[in-house]
There are 2 protein chains.
Amino acid sequence: MAIRPAEQLIHKAAWLYYAHGLRQDQVASQLNISRASVAMYLRKARETGIVNISTSTQLFTDDVLARKLEDALGLDAVWIAPENAHIADPSTEIAVLAASVFLELVKKGDRIGVAWGRTVYMIADIMSYADLQDVTVVQLCGNLGAPYSYRPDQCTMEIARRLNAKGLNFYAPLVLSTEELARALRAEPVIREQLSGVRDCDLALYSVGAVDADSHLVKCGALTPDEMAGLRSRGAAGVIAGQIIDAEGKVLDCSYNRRVISAELASLRAIARRLMVVQEDSKFEPLLAAIAGGLCTHLVVGARMAQRLLDHAAATTEKAS
Amino acid sequence: MAIRPAEQLIHKAAWLYYAHGLRQDQVASQLNISRASVAMYLRKARETGIVNISTSTQLFTDDVLARKLEDALGLDAVWIAPENAHIADPSTEIAVLAASVFLELVKKGDRIGVAWGRTVYMIADIMSYADLQDVTVVQLCGNLGAPYSYRPDQCTMEIARRLNAKGLNFYAPLVLSTEELARALRAEPVIREQLSGVRDCDLALYSVGAVDADSHLVKCGALTPDEMAGLRSRGAAGVIAGQIIDAEGKVLDCSYNRRVISAELASLRAIARRLMVVQEDSKFEPLLAAIAGGLCTHLVVGARMAQRLLDHAAATTEKAS
DNA sequence: CACAGCTCTCGACAAAAGTCAAATTGGGCA
DNA sequence: TGCCCAATTTGACTTTTGTCGAGAGCTGTG
């Protein structure tokens, strides 16, 4: 009776406690175990997603600002994390919100495309566990060999783990040293398949990167600070899934981009729900570029960023009229 | 600060507690209210569906028996409620399970068709609250004037209330005294619209009724016990949404059926997900009829009933071969 | 066959959550 | 204006839940 008490008992305990509303001691006597064990099973049940506790993110969309932004930018939904003085860490708040929103957007059977970066990894890390069936998490771009813990494959795998889903990793470097090699690699069946599979995703999760010396692309050695500065002066406005985009959200015509192995922007746009999360206030221009490029339908940002976006949209409209 | 503390505060408290994982006293000090208030808000949040606690019903489909039944009967999914000696009330267990399954099947934006009966009402009564947006609950058949608390409109409204959804009621009697009147009423735009709207449902919830003197149709005076017995001898095998079906699951050709205002079986079959819940062991034949008629894709039953269904299916197959 | 090594289990204590009657507040109404 | 009603809030109390270290049971190994 003592071997592998696991699954079955956890399920039963969770069922009696959460669905029937029994108390822990009642569950304990039903199952002939101690109450302490019941408490432990329940914790496991929550940790593995057998029970699911989710809170509505309604509050954050109800915001008048959020509504205005949806209209102004033509987005499907916007969530705005408050940034009051007494909120410890706004960027955590944004990540927590993003995790909830993400879980709200995922459905059974979905195929989810995930990019990488500090933001995405932070969301993955905060996200509660769920027991989605038949969900596949696919990596949107090649890997970086960096020692960071938020490498593309890490992000994908961690999210897959949290959702109890299948993770589809991408076994290619993000950037190659020559364009020829990149072209050849892209043509490889394994890679080609993965890249074309991106179109079939139902949901995408990513952030946008800044074009500066702090960028991960620089930190990981994919680009030197000088190269980055050069690209910037040639119109680079942001980074999406490892690719550099201009202010209009189009792929910048440059050698770097031609050496990158990543999902094409057109494929990304083919995904019905594209959730973009931006934590840093400094990513205003990159975000504008991403929005201009139609790379997001659902947006999670902080209050300050939201206000800036709205002001910008208003100014643009005014100028146009 | 005290006007309409409601919604806003409930949301915030729920958010801090469930999403951020703060303790109640921490939430209290954040919001400058007493911990007791926080506890109260959290209860309200759970009651209104602002937070959602759901337990996976995996356990009940994992059952080998359930798998076999799915295959044998060609259903999409089967859930089997255990009926061990130490389970207080098997029919409550079935209803609790059905409520969870139902909530698992509902999606945002769905249109849900609901029939009536003791089982359906019991499910509605047990079901926890949720905050689905844009959900519409439609009544599948006309009303009975009976003093029962599980009248068709009650079932519909209660479920709508629990889901925070819109309830679409049916303002017509279930049975009329003459066929002409029923025909005329069915032709009325309001009614016709409601009936044709059934096809657009994404999910249906119903049980099946028995053809005997205990049937609600008899208890409500729609049919006399003698009439019922007569129908039975003419092949009546069950009752679906107020209509009498034969062993093959087709509408029985009889005056009663022609006097009924209800969704056509073809419309019901047009609904993608049809959840049927049967509590009573006595409803074996009616259930067989409903399954034969293709009226259910998802099934929730007790263990004994499941076994009988499987035995029956095995016997039938054997005879055929 | 004894012994680590492992996980699971339990009892007891500490912490957190639920509850209730009393007090307070705001708003409508004479 | 002042009073009353209903709803909300609170402090104090009880109940329920979480946690920790000790112990028990099983497994594989020397």
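Order of the sequence lines sets the chain letters (A, B, ...), proteins ahead of strands, with each chain counted from 1.
In this structure, the CG atom of B:Asp25 is 12 Å from the P atom of C:dA15, given to the nearest Å. If you take CE of B:Met40 and P of C:dA22, they are 19 Å apart, rounded to a whole angstrom. As a whole-Å value, the separation of B:Arg43 CZ from C:dT19 C1' is 9 Å. Whole-Å rounding puts the A:Arg23 CZ to D:dT15 P distance at 10 Å. The CG atom of A:Leu31 sits 11 Å away from the P atom of C:dT9 (whole-angstrom rounding). For A:Gln26 and D:dT15, the CD to C1' distance is 12 Å, given to the nearest whole Å. Between A:Ile53 atom CD1 and D:dT17 atom P there is a gap of 13 Å when expressed in whole angstrom units. Atom CG in B:Asn32 sits roughly 16 Å away from atom P in C:dT25 (whole-Å rounding).
Dashed line: the shortest gap from a side-chain N or O of A:Ser37 to OP1 or OP2 of C:dC10 is under 4.0 Å. The shortest distance between the side-chain N/O atoms of A:Tyr17 and the OP1/OP2 oxygens of D:dT17 is below 4.0 Å. Of the side-chain N and O atoms in B:Gln24, one or more sit less than 4.0 angstrom from OP1 or OP2 of C:dG18. Listed pair B:Tyr41 / D:dT9 meets the phosphate criterion, a side-chain N or O lying under 4.0 Å from OP1 or OP2. One finds a side-chain N or O of B:Arg46 lying less than 4.0 angstrom from the OP1 or OP2 phosphate oxygen of C:dG18. Checking the phosphate oxygens (OP1, OP2) of C:dG18, no side-chain nitrogen or oxygen of B:Arg35 falls inside 4.0 Å.
In terms of modelled atom types and a separation under 3.5 Å, the side chain of A:Arg273 and the main chain of A:Asp76 share no donor-acceptor contact. Of the possible polar contacts, none joining the B:Thr156 side chain to the B:Val138 backbone as a donor-acceptor pair under 3.5 Å is found.
Listed nucleotides C:dG11, C:dG18, C:dC8 differ in distance to A:Lys44; the shortest reach to its side chain belongs to C:dC8. With distances taken from any side-chain atom of A:Ser34 to the nucleotides C:dT9, C:dG18, D:dT9, the minimum falls on C:dT9.
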(request) Begin with the C-alpha distance, continue with both residues' side-chain angles, and end with the deciding distance and a verdict on salt bridge (charged side-chain N to carboxylate O under 4.0 Å, His left out) for A:Lys166 and A:Asp134. (result) CA-CA 8 Å; A:Lys166 202 169 63 177; A:Asp134 302 323; over 6 Å; no
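A:Tyr129 and A:Arg161 share a donor-acceptor pair across their side chains, judged by distance under 3.5 Å alone.
Annotation: side chain of A:Ser54 is not in contact with side chain of B:Tyr18 (no heavy-atom distance under 4.5 Å).
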